[in-house]
Amino acid sequence: MKFSHKLQEGIFLKRYKRFFADIEWRGQQITAHVPNTGSLKSVNNPGQHCLFSESDNPDRKLKFTLEMIKSPLGAWVGVNTSTPNAIVRETLERVVGHTGVVGTFSEWSHFDEIKPEYKISAETRLDFALKKKGSEKMHFIEVKNVTLAEEGVAKFPDAVTERGQKHIRELMMLMEQGHTVELVFTVQRHDCGTFAPADDIDPEYGRLLREAFQKGLKISPLVVDLSPEAVELSETKLPVKL
């Protein structure tokens with residue numbers, strides 16, 4: 001996913017009221033939208049360099065959007081929660097239905113059709129459903145954004161997520177119906193060697209994740225390549241510690 005304009009670099013000053021961030025840029029202070037409802041634990045570090053985008057839309061109240069913050073150890077961390085779905089969809093469109101795909105994404109290539117925002121109930125839509133011609137069974141994918149890291153371990157969630165718990169229960173229900181299911185954790189940082197649930201933050205999520213894994217849930221923590229020019233889903237898949 002290429003940005004329409006190269007991201008600008010500034011100094012992250014503070015986040016407040018959840019959706020606002022002050023940034024020092026070219027000798028002035030600007031306010032940017034923070035597209036993330038999480039706690040940003042391990043990322044919310046004033047004084048670090050950050051990258052932000054600028055919108056040409058005159059109707060926007062805030063023309064700037066915070067995209068990345070540099071960690072104290074020097075890795076860029078993507079904070080925009082709209083990025084994961086966009087790059088997963090971009091990857092699916094590139095590989096689904098194409099022969100000769102090898103590597104991490106080869107399993108997705110065996111399907112023929114992508115159904116985004118697939119409605120499984122009156123209350124729930126899952127991010128993607130993949131379908132093969134002539135089969136009633138589907139492969140469901142739910143995408144989660146990962147920014148939290150502790151001692152080289154990427155973790156999710158960074159705050160209690162009842163919605164995330166609900167999604168795991170629904171994925172287990174789909175497995176009982178004969179479908180296959182996958183949780184794609186997009187790790188928006190390059191300084192982690194493994195992935196694990198953040199049990200100290202949301203123990204129920206960790207419990208459900210382990211239960212679902214034992215029943216057949218596929219867990220795919222995929223590292224995201226980040227730069228001021230583009231964001232892309234890499235084929236690097238982190239080992240899972242359960």
Side-chain angles (χ1 to χ4, degrees), residues 1-94 116 127 142-150 154-159 161 164 184-192 195 221-236 238:
M1 182 184 79
K2 292 185 177 180
F3 296 111
S4 56
H5 303 288
K6 182 178 178 179
L7 301 183
Q8 301 284 347
E9 185 167 342
I11 303 296
F12 173 68
L13 299 178
K14 65 176 180 179
R15 179 200 193 187
Y16 55 100
K17 296 181 180 178
R18 186 177 291 186
F19 298 111
F20 298 89
D22 286 341
I23 298 171
E24 182 183 319
W25 178 56
R26 295 181 178 176
Q28 61 180 324
Q29 182 174 302
I30 62 171
T31 300
H33 172 59
V34 180
N36 193 309
T37 60
S39 70
L40 292 186
K41 183 181 178 183
S42 83
V43 185
N44 190 1
N45 300 306
Q48 295 294 326
H49 286 258
C50 66
L51 293 174
F52 60 93
S53 57
E54 184 175 355
S55 173
D56 298 326
N57 185 349
D59 296 326
R60 277 191 50 160
K61 293 182 179 179
L62 293 175
K63 65 186 297 186
F64 304 111
T65 300
L66 182 66
E67 301 286 351
M68 306 176 203
I69 303 175
K70 187 163 281 190
S71 75
L73 297 179
W76 286 118
V77 182
V79 300
N80 191 331
T81 55
S82 68
T83 296
N85 273 50
I87 59 176
V88 170
R89 179 167 184 165
E90 185 178 70
T91 304
L92 288 171
E93 289 175 345
R94 189 175 76 243
D127 291 320
E142 181 65 15
V143 181
K144 301 298 182 186
N145 179 58
V146 179
T147 60
L148 175 62
E150 294 178 346
K155 294 186 174 184
F156 182 89
D158 68 356
T161 171
V184 173
F185 292 95
T186 55
V187 183
Q188 290 207 70
R189 53 193 305 159
H190 263 262
D191 55 356
C192 297
F195 170 84
L222 299 174
V223 175
V224 177
D225 288 333
L226 302 163
S227 78
E229 294 81 22
V231 181
E232 185 177 9
L233 192 66
S234 81
E235 292 197 40
T236 302
L238 299 181

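Hydrogens, waters and symmetry mates are skipped; everything else that's a heavy atom, side chains included, is used.
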Measuring from atom [atom1] of [X] to atom [atom2] of [Y], what distance do you get when rounded to the nearest 0.5 angstrom?
{"X": "Leu66", "Y": "Arg15", "atom1": "CG", "atom2": "CZ", "value": "9.0 Å"}
{"X": "Leu226", "Y": "Trp76", "atom1": "CG", "atom2": "CH2", "value": "10.0 Å"}
{"X": "Leu13", "Y": "Ile23", "atom1": "CG", "atom2": "CD1", "value": "8.0 Å"}
{"X": "Gln29", "Y": "Ile11", "atom1": "CD", "atom2": "CD1", "value": "12.5 Å"}
{"X": "Arg18", "Y": "Tyr16", "atom1": "CZ", "atom2": "OH", "value": "15.5 Å"}
{"X": "Lys144", "Y": "Thr161", "atom1": "NZ", "atom2": "OG1", "value": "5.5 Å"}

* Asked: Quick one: do Arg94 and Glu90 make a salt bridge, cutoff under 4.0 Å?
  ->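 Glu90 and Arg94: not salt-bridged.
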Taking [X] for the side chain and [Y] for the main chain, is one N or O donor matched with an acceptor at less than 3.5 Å?
{"X": "Thr81", "Y": "Pro35", "value": "yes"}
{"X": "Glu229", "Y": "Lys6", "value": "no"}
{"X": "Ser39", "Y": "Ala159", "value": "no"}
{"X": "Asp158", "Y": "Gly38", "value": "no"}

* To do: Give the intermediate values and the outcome of side chain to side chain contact (heavy atoms under 4.5 Å, CB included) for residues His33 and Ser55.
  => CA-CA 11 Å; His33 172 59; Ser55 173; over 6 Å; no
Looking at [X] and [Y], what are the two nearest heavy atoms and their distance?
{"X": "Val223", "Y": "Ser234", "result": "O-OG, 2.6 Å"}
{"X": "Val79", "Y": "Met68", "result": "CG2-N, 4.2 Å"}
{"X": "Glu67", "Y": "Ser53", "result": "OE2-OG, 2.8 Å"}
{"X": "Ser42", "Y": "Arg189", "result": "OG-NH1, 3.5 Å"}
{"X": "Cys192", "Y": "Leu238", "result": "O-CD2, 3.5 Å"}
{"X": "Val143", "Y": "Asp127", "result": "N-OD2, 2.7 Å"}

Heavy-atom side-chain contact between [X] and [Y] under 4.5 Å:
{"X": "His190", "Y": "Asp225", "result": "yes"}
{"X": "Arg60", "Y": "Thr65", "result": "yes"}
{"X": "Val146", "Y": "Pro221", "result": "no"}
{"X": "Phe156", "Y": "Val187", "result": "no"}

* To do: Please report the C-alpha distance between Leu40 and Val34 in whole Å, then the side-chain angles of each, then the deciding distance to 0.1 Å, and finally whether the side chain to side chain contact (heavy atoms under 4.5 Å, CB included) criterion is met.
  => CA-CA 10 Å; Leu40 292 186; Val34 180; 4.3 Å; yes
* **Stepwise side chain to side chain contact (heavy atoms under 4.5 Å, CB included) test for Lys41 and Glu150** => CA-CA 10 Å; Lys41 183 181 178 183; Glu150 294 178 346; 3.5 Å; yes
* Asked: Going by distance alone, is a donor N or O of one side chain under 3.5 Å from an acceptor N or O of the other, for Glu9 and His49?
  ->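 Distance-only check passes for Glu9 and His49.
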* To do: Check the angle between the aromatic planes of Phe64 and Phe52 and answer parallel, tilted or perpendicular using the 30° and 60° thresholds.
  => perpendicular
* Start with the C-alpha gap between Asn36 and Asn145, add the side-chain angles, then the distance that decides, and say whether side chain to side chain contact (heavy atoms under 4.5 Å, CB included) holds. => CA-CA 10 Å; Asn36 193 309; Asn145 179 58; 3.9 Å; yes
